[in-house]
Structure formats: structure tokens, C-alpha cells
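Encoded as C-alpha cells, the structure appears first; notes follow it.
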Amino acid sequence: MQSVCSGELTFLENCLRVSPKSYGTWYHRCWIMKIMPKPDWERELALCNRFLEIDERNFHCWDYRRFVTQSSFVPLPEELEFTTSLISKNFSNYSSWHYRSKLLPQIHPDQLRIGRVTEEALLNELELVQNAFFTDPNDQSAWFYHRWLLGRADHPLQIRCVMVSLDEACVSVTFSQPVAVQEDLILFLNDKPIFVSWNTAGRKEKRSLFWVCELPKECINDPCCQYKFQVLWKDGEAKKECILYPGRRETWCRDSATENEFFSLDLSEGKSNVLQQELKSCKELQELEPDNKWCLLTIILLMRALDPLVYEKESLGYFETLKVVDPMRSGYYDDLRSRFQMENAILKMEYAESFIIDLSKKDLTRLCHLEHLGEVTHMNLSANRLCVLPSNLFMLRRLQVLEVDNNEVVRLEGLWNLPQLEELSLQCNKIKNVSDLQPLSSCPHLSVLHLQGNPLCEKADARTELEALLPQVKTIHLSLI
């Protein structure tokens with residue numbers, strides 16, 4: 001068998017010289033090494049090195065090298081040193097930077113931030129990568145790696161919010177990631193499990209951030225008593241509880257974005273000083289390379305890492321410059337700016353301890369982080385560039401007033417099952433048909449609807465059709481006068 005495998009490896013090596021990026025050849029080589037009685041791992045490492053000298057971005061070879069190092073138990077620090085040697089020869093070696101991002105969290109893991117590295121290792125990497133992008137500012141490899149270094153920790157799956165409403169007789173649960181509930185989510189009332197059926201709100205997605213169940217009537221039989229609600233996901237992988245106090249009709253428990261630093265980095269004084277110096281250096285580089293999109297984007301990300309609110313106005317100016325420099329990706333930059341704008345608005349709302357969020361006149365092109373807005377009662381989205389209201393708006397269970405004037409909305413997908421929505425303003429949008437308002441029929445308390453300035457208002461029978469579709473709405477405004 002040893003002889004047969006050796007002959008096969010020689011044959012495969014000849015094949016790889018002809019076609020070094022053949023999936024089948026590399027996979028077959030892995031299989032041969034697994035069944036070979038006495039595999040020569042050192043020879044395989046040398047083979048990888050030769051192929052990477054020919055093409056340093058051959059990801060097939062990189063994958064095979066990882067298989068070899070794991071099988072032969074090559075120490076991770078040796079592999080890290082290997083990437084350093086390749087990068088020192090060529091800063092544009094993207095594959096080496098990427099491999100480095102996989103090695104560092106294993107060698108220098110941050111115990112408090114999953115998937116991230118210790119501060120000492122981070123500061124060393126920042127110095128290395130800064131040398132790279134100052135040497136060749138137009139190469140994207142080092143900039144991408146720098147962006148990874150500034151990234152936030154990978155939070156484990158969590159239950160973001162639990163909300164109980166006696167008026168709606170339901171319990172709703174919001175997760176940090178889309179999940180398929182099935183039988184993995186259990187509801188407890190006063191430490192006793194109760195049988196419920198979990199559903200998404202008005203949709204049939206198998207995986208969702210938001211799940212809701214009807215609360216059996218017999219569960220709450222004395223409003224003067226105190227009740228403890230607890231939800232448990234997969235035997236305790238995630239859990240959250242809230243208390244319904246006597247006389248209350250609703251209660252909730254939600255993770256705070258500010259306290260949990262969902263939108264920021266935990267910066268020590270040393271790390272903050274280094275990032276401040278990096279920001280200064282990048283601004284100096286940007287003066288020398290005014291059309292360098294990577295430098296502009298990194299300046300924005302550094303500002304976000306240091307203090308998103310302090311640098312809010314300045315970073316918006318850099319976004320505008322970035323769109324001029326790189327117009328082909330202006331849509332991406334608009335969406336990224338929208339995400340940052342929403343993060344800032346959520347932080348401001350939490351600092352003010354308010355249930356009202358004002359997102360008007362921010363030039364938003366998309367909505368995100370809605371899982372953090374479960375307590376909001378009033379949302380203003382007027383004067384933006386929204387074309388559609390996303391389906392996960394149904395997570396805003398306490399929303400009573402929604403303003404979406406002066407946008408480009410054509411569909412209302414996200415307005416299914418908003419149980420407390422009372423007033424909706426959609427003035428000056430692009431809604432053409434009464435049927436486009438069908439989702440509003442599932443909002444039982446909607447009583448005031450503003451539709452002035454939409455194409456559908458020009459139809460002679462628009463009011464009649466609307467009254468038939470939405471009998472619960474008492475006041476419908478169609479005229480701008």
C-alpha cells in the first residue's frame with residue numbers, strides 16, 4: 001500500500017504541474033495521504049511551498065496546506081511565522097493575510113471577545129499592517145486585513161429581547177441571529193414549562209430573528225399577582241427572563257446596545273492612543289493620495305472604532321468624498337452609511353432613555369438593527385431614500401406612530417402584524433395600487449392613514465377601495481390640500 005500510494009502521489013504531482021488549481025486533484029491527494037500507512041508530511045509541506053512560490057494566491061494549495069499542518073500537528077506559531085515571511089516578501093499576498101487572521105485568534109485568543117485577539121497581539125499587527133499600506137497604498141490586501149483587525153467580536157447567539165403583552169395575549173422573542181425554533185425554544189411561567197406553539201409574525205420563514213406565541217388564557221388568572229416569564233433556547237444555550245408586576249399589562253427585557261457595546265470596540269487607553277495615531281497617519285496619507293478609496297474607508301472605520309458619535313459629522317463628510325472617488329460602489333457606501341447612522345441613532349435613543357427614534361433626513365437607503373427597537377413607540381423615517389419597508393419591521397411590537405413621508409416606497413412588506421400601530425403617514429411616496437397596502441389589513445388598531453402625494457390618490461375610486469380593504473381605519477387622507 002505504501003508503494004501504491006507513493007506512486008499515486010507522484011502521478012498527482014505531475015497532474016498539478018499541468019493544472020495547479022484542479023479541485024479533484026487536490027482532494028484526491030488529501031484522500032491518498034489519509035490512507036497512506038506512513039505519510040511524509042514534511043515532503044507535502046515542501047510541495048506546498050513550491051506551488052505557493054509559483055502562485056501565492058492558489059487557495060487550493062492553501063487549503064491543502066492547512067490539511068497538512070493539522071494532520072502533522074505543525075505548531076501554529078510556526079505557521080504564523082511562515083505567513084510573516086511571505087508577507088515580508090510581498091505585502092500584496094492576500095492569502096497570507098487571510099491565513100494570518102485564522103491563526104492569530106487561536107494563538108492569542110481574547111478570552112472576553114470571541115474570535116478576536118489579545119490587545120498586545122492586536123497592537124503588533126496594527127504596526128505590521130500600517131507598514132504595508134504605507135508601502136503600497138493602492139494594494140487592497142493590507143487594507144482588508146486592517147479592517148478585520150478593527151472588527152467587532154463575534155457574539156454568540158443570544159436572545160436580545162423578550163416581551164409579554166396581556167392585551168395581545170402573546171409572548172415574543174427576538175434573537176441576535178435567525179434561528180429555526182421547532183421545539184428548541186421553551187417558555188416557562190413561574191418556573192414551570194407551558195406548552196405553546198411558536199410562529200413568525202405573518203410569514204412562513206423557517207429561520208427568523210423574531211418568534212411569537214399565543215399565551216394560554218388560563219395562565220394569567222389573577223392580574224394582582226406577580227408572574228415570572230423565562231424563555232430557554234436549546235437547554236440553556238441562550239435564555240432570558242422578565243417579570244410581569246401586579247397591575248401591569250405588558251413587560252419586557254432587552255439587551256442594551258450601549259452596555260453590551262454591540263456597535264463599538266472596548267478600547268483601553270493604549271489601544272485608543274494607537275488608533276488615534278493611525279487615524280492621524282491615514283489622514284496624512286489621504287492628503288498625499290486623495291483618490292485612494294481604501295484610505296478613505298479606513299479613516300471612517302477608525303473613527304467608528306474610536307467614538308462613533310464624536311466623529312459622526314466628520315465621517316459623513318468622508319462618505320461623500322468616497323462616493324465621488326469610487327462612484328461604482330456608491331450603493332454599497334450608501335448602505336454602509338445607513339447602517340452607521342442607525343447605530344448612532346440607537347445609541348442616542350438609549351442614552352436619552354427614550355422610546356422615540358428620529359431617523360428623518362439621514363439619506364437612509366436601508367433599515368437595519370431593528371431587533372434593537374422592540375420598545376420603540378414612535379419612529380420617524382421621513383425624508384430618506386427608502387424604496388421598501390423591510391419584512392422584519394414586525395419586530396416593533398410597541399410601535400404606535402410611524403412616519404415615512406417623502407421617500408420612494410413602493411411596497412409595504414414590513415407592515416404585517418404591527419399590533420399597536422395607530423397612525424401611519426406615507427405622504428409623497430410611490431405607492432401606485434391600493435392592493436400594495438394589503439399588509440395594513442393585519443394592523444387591528446390602525447385608525448389614521450396619510451397617503452397624500454402617492455400615485456394611487458389620482459384614482460377616482462381610491463377611497464372606496466381603501467375603505468373596503470381597511471375597514472378599521474377611521475381617517476384616510478388622500479388630498480394634499
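All residue numbers refer to positions in the sequence shown, counting from 1. On a predicted model such as this, the values are computed, not experimentally measured, just so you know. What you see below is based on every heavy atom in this structure, not just the backbone, and it leaves out hydrogens, waters and symmetry mates.
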Examine distances only and state if a side-chain atom of [X] and a backbone atom of [Y] form a donor-acceptor pair shorter than 3.5 Å.
X: N407; Y: N429; value: no
X: D63; Y: H60; value: no
X: S85; Y: F82; value: yes
X: S71; Y: V68; value: no
X: W198; Y: I186; value: no

[X] NZ/CZ over [Y] ring centroid, <6.0 Å and within 45° of normal:
X: R398; Y: F355; answer: yes
X: R160; Y: F175; answer: no
X: R304; Y: Y311; answer: no

What's the separation between atom CG in L412 and atom OG in S391, rounded to the nearest 0.5 Å? 12.5 Å

For residues [X] and [Y], is any side-chain donor paired with an opposing acceptor at under 3.5 Å?
X: S382; Y: N406; value: no
X: Q286; Y: N292; value: no
X: S19; Y: S22; value: no
X: N49; Y: R65; value: yes
X: H146; Y: Q130; value: no
X: S360; Y: E403; value: no

Please determine whether a side-chain nitrogen of the Lys or Arg among [X] and [Y] lies less than 4.0 Å from a carboxylate oxygen of the Asp or Glu.
X: E44; Y: R29; value: yes
X: E278; Y: K283; value: no
X: R100; Y: E79; value: no

Against F319, only a single residue in D363, L296, I300, D334 fulfils side chain to side chain contact (heavy atoms under 4.5 Å, CB included); can you say which? I300

Side chain to side chain contact (heavy atoms under 4.5 Å, CB included) partners for D291, two or more places apart: V325

Flag the pair W294 / F133 as yes when their ring centroid distance falls below 6.0 Å, and as no otherwise. no

Ring centers of W148, Y145 separated by less than 6.0 Å: yes

Please walk me through it: do F210 and F394 pass ring-ring contact (aromatic ring centres under 6.0 Å, His included)? CA-CA 8 Å; F210 182 84; F394 57 61; 5.5 Å; yes

Run the ring-ring contact (aromatic ring centres under 6.0 Å, His included) check on F67 and W41 step by step: do they pass? CA-CA 10 Å; F67 159 72; W41 296 112; 5.8 Å; yes

Test Y64 against every option in F51, W26, Y27, W31 by the ring-ring contact (aromatic ring centres under 6.0 Å, His included) rule and name the one that passes. W26

